[in-house]
Asker: 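For reference, the structure I am asking about is given below.
Throughout, residue positions are numbered sequentially from 1 according to the sequence presented.
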Amino acid sequence: MSMSVEQTTCEDLKAFERRLTEVIASVQPATRRWRILLGTAFICMAIGACYWLQDPELYKISLFHSLFKHPLFSVSACILICMLLLGGHKKIMTPMIIASRARSVLCEFNMSCDDNGKLILRPRPVS
């Protein structure tokens, strides 16, 4: 049995859509973990900064001793900097980057996709 061109095209689009949604769904857990890690590090750093700035001896001692005296701020700031240097901020945006790149390719075929990878067929342009 031979399939018509329209049936083949429809099957190809369905397979592409399944694969795109699968790829976007597979990066969601890692994205969620990076958001939690970066959010926790940022909150710890903000709380540590509040305690550090409220310290009455802040202006009397050196910066090194002040940071040593406030390990919550120091450690969380170092962790946050390391995570940003390792590209944690990019890993949070991975699903959106994949979807936007797919949209830029699909626009040439008069299609688009949502943030989950579901294809959106646009009406044919009137010539």
Side-chain angles (χ1 to χ4, degrees):
M1 285 195 191
S2 63
M3 297 173 85
S4 71
V5 173
E6 289 180 8
Q7 288 174 328
T8 305
T9 304
C10 186
E11 291 299 317
D12 288 344
L13 284 174
K14 287 179 183 178
F16 176 76
E17 182 181 53
R18 279 193 303 272
R19 182 64 181 141
L20 185 59
T21 54
E22 179 184 312
V23 167
I24 291 175
S26 71
V27 297
Q28 291 290 353
T31 300
R32 194 171 301 116
R33 281 191 298 269
W34 275 99
R35 283 183 181 153
I36 290 169
L37 287 171
L38 281 170
T40 303
F42 180 76
I43 290 170
C44 289
M45 188 182 83
I47 292 170
C50 288
Y51 286 120
W52 183 49
L53 293 172
Q54 291 176 354
D55 187 5
E57 297 178 7
L58 177 65
Y59 302 105
K60 299 175 187 173
I61 58 177
S62 69
L63 176 64
F64 178 74
H65 291 299
S66 178
L67 291 174
F68 188 71
K69 188 176 174 184
H70 297 279
L72 177 64
F73 174 75
S74 303
V75 171
S76 60
C78 289
I79 290 172
L80 189 62
I81 290 169
C82 289
M83 289 173 73
L84 291 175
L85 289 174
L86 291 173
H89 59 292
K90 292 178 186 173
K91 291 178 179 159
I92 288 175
M93 304 299 288
T94 301
M96 290 173 267
I97 291 169
I98 293 171
S100 70
R101 289 181 183 170
R103 278 187 209 103
S104 69
V105 171
L106 289 170
C107 74
E108 295 188 23
F109 299 99
N110 209 27
M111 292 187 286
S112 185
C113 68
D114 63 7
D115 290 335
N116 296 323
K118 297 287 184 186
L119 291 180
I120 301 168
L121 302 175
R122 295 186 181 149
R124 291 184 180 174
V126 178
S127 319

Asker: With clusters defined by side-chain heavy atoms of hydrophobic residues (ILVMFWY) lying less than 4.5 Å apart, directly or transitively, does Ile92 cluster with Ile79?
Answerer: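 In one cluster: yes.
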Asker: Within the 4.5 Å heavy-atom criterion, are Ile24 and Asp115 side-chain neighbours or not?
Answerer: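 No, every pair of side-chain atoms sits at 4.5 Å or beyond.
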Asker: Side chains of Cys44 and Leu72: closer than 4.5 Å at any heavy-atom pair?
Answerer: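 Cys44 vs Leu72: side chains touch.
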Asker: Taking atom CD1 of Ile43 and atom CD1 of Ile47, what is their separation to the nearest 0.5 Å?
Answerer: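 These two atoms lie 7.0 Å from each other.
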Asker: Please give me the minimum heavy-atom distance between Ile61 and His65, naming the atom from each residue.
Answerer: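 In this case the closest contact between Ile61 and His65 is CD1-C, 4.0 Å.
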Asker: Of the non-hydrogen atoms in Ala102 and Cys113, which two are nearest, and what is the gap between them?
Answerer: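 Shortest heavy-atom separation between Ala102 and Cys113 comes out as CB-SG, 4.0 Å.
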Asker: When hydrophobic residues are tied together by side-chain contacts of less than 4.5 Å, even through go-betweens, does Phe109 share a cluster with Leu121?
Answerer: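 In one cluster: yes.
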Asker: Please name the pair of heavy atoms, one in Lys90 and one in Ile97, separated by the smallest distance, quoted to 0.1 Å.
Answerer: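 Answer, listing the atom of Lys90 first, then Ile97: O-CD1, 4.3 Å.
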Asker: Can you tell if the side chain of Ser74 reaches within under 4.5 Å of the side chain of Phe68, non-hydrogen atoms only?
Answerer: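 A side-chain contact is absent here, since even the closest heavy-atom pair is not under 4.5 Å.
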Asker: Is there a chain of hydrophobic side chains (I, L, V, M, F, W, Y, each step under 4.5 Å between heavy atoms) that links Ile81 to Trp34?
Answerer: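 Per the 4.5 Å side-chain linkage, Ile81 and Trp34 are not co-clustered.
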Asker: Say whether, by atom type as modelled, one donor and one acceptor occur between the side chain of Asn116 and the main chain of Lys118 under 3.5 angstrom.
Answerer: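 Looks like no, no N/O pair under 3.5 Å.
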Asker: Might you confirm whether atom CD of Glu22 has over 12 heavy atoms from other residues, nucleotides or ligands at distances under 6.0 Å?
Answerer: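 Correct, the count exceeds 12.
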Asker: So, for Pro95 and Val27, which heavy atoms are closest and what is the spacing to 0.1 Å?
Answerer: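 Minimum heavy-atom separation between Pro95 and Val27: CG-CG2, 3.8 Å.
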Asker: I'd like to know if the side chain of Thr40 reaches the main chain of Leu37, judged simply by a donor and an acceptor atom lying under 3.5 Å from each other, with no hydrogens or angles considered.
Answerer: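 Not confirmed, Thr40 side chain does not pair with Leu37 backbone.
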Asker: Do the side chains of Leu106 and Phe16 get nearer than 4.5 Å, heavy atoms only?
Answerer: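 Result yes, sub-4.5 Å side-chain heavy-atom pair found.
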Asker: Judged by atom type as modelled, is there a donor-acceptor pair below 3.5 Å linking the side chain of Arg103 to the main-chain atoms of Ser112?
Answerer: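 No, the answer is negative, given that no donor and acceptor are paired below the 3.5 Å cut-off.
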Asker: At their closest point, which heavy atom of Leu86 faces which heavy atom of Lys91, and how far apart are they?
Answerer: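 Closest pair (atom of Leu86, atom of Lys91, distance): O-NZ, 3.8 Å.
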Asker: How long is the span from the CE atom in Met45 to the SG atom in Cys78, to the nearest 0.5 Å?
Answerer: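 These two atoms lie 10.5 Å from each other.
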Asker: Can you confirm whether more than 12 heavy atoms, excluding those of Met93, are under 6.0 Å from its CE atom?
Answerer: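 Counting neighbours around CE of Met93, 12 or fewer heavy atoms of other residues, nucleotides or ligands fall under 6.0 Å, so no.
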Asker: From Arg33 CZ over to Thr31 OG1, what is the distance, rounded to the nearest 0.5 angstrom?
Answerer: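 Interatomic distance, Arg33 CZ to Thr31 OG1, rounded to 0.5 Å: 9.0 Å.
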Asker: Kindly work out whether a path of hydrophobic side-chain contacts (I/L/V/M/F/W/Y, heavy atoms less than 4.5 Å apart) joins Leu80 to Trp52.
Answerer: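 The answer is yes; both residues are in one hydrophobic cluster.
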Asker: Please check this pair: side chain of Asn110 against backbone of Pro123, looking for a donor-acceptor N/O pair closer than 3.5 Å.
Answerer: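 Yes; at least one donor-acceptor contact below 3.5 Å.
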Asker: Mind listing the closest non-hydrogen atom pair of Gly117 and Glu17 along with its distance?
Answerer: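 Smallest heavy-atom distance, with atoms named: O-CG, 3.8 Å.
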Asker: To the nearest 0.5 Å, what is the distance between NZ (Lys69) and CG (Leu58)?
Answerer: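 Reported to 0.5 Å precision, the distance equals 9.0 Å.
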Asker: Enter the distance from Leu20:CG to Asp114:CG here, rounded to the nearest 0.5 Å.
Answerer: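 If I round to the nearest 0.5 Å, the distance is 8.5 Å.
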Asker: Do Tyr51 and Phe42 land in one hydrophobic cluster if side-chain heavy atoms of ILVMFWY residues count as linked below 4.5 Å?
Answerer: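 No, it is not one cluster - the side chains of Tyr51 and Phe42 are not joined through contacts under 4.5 Å.
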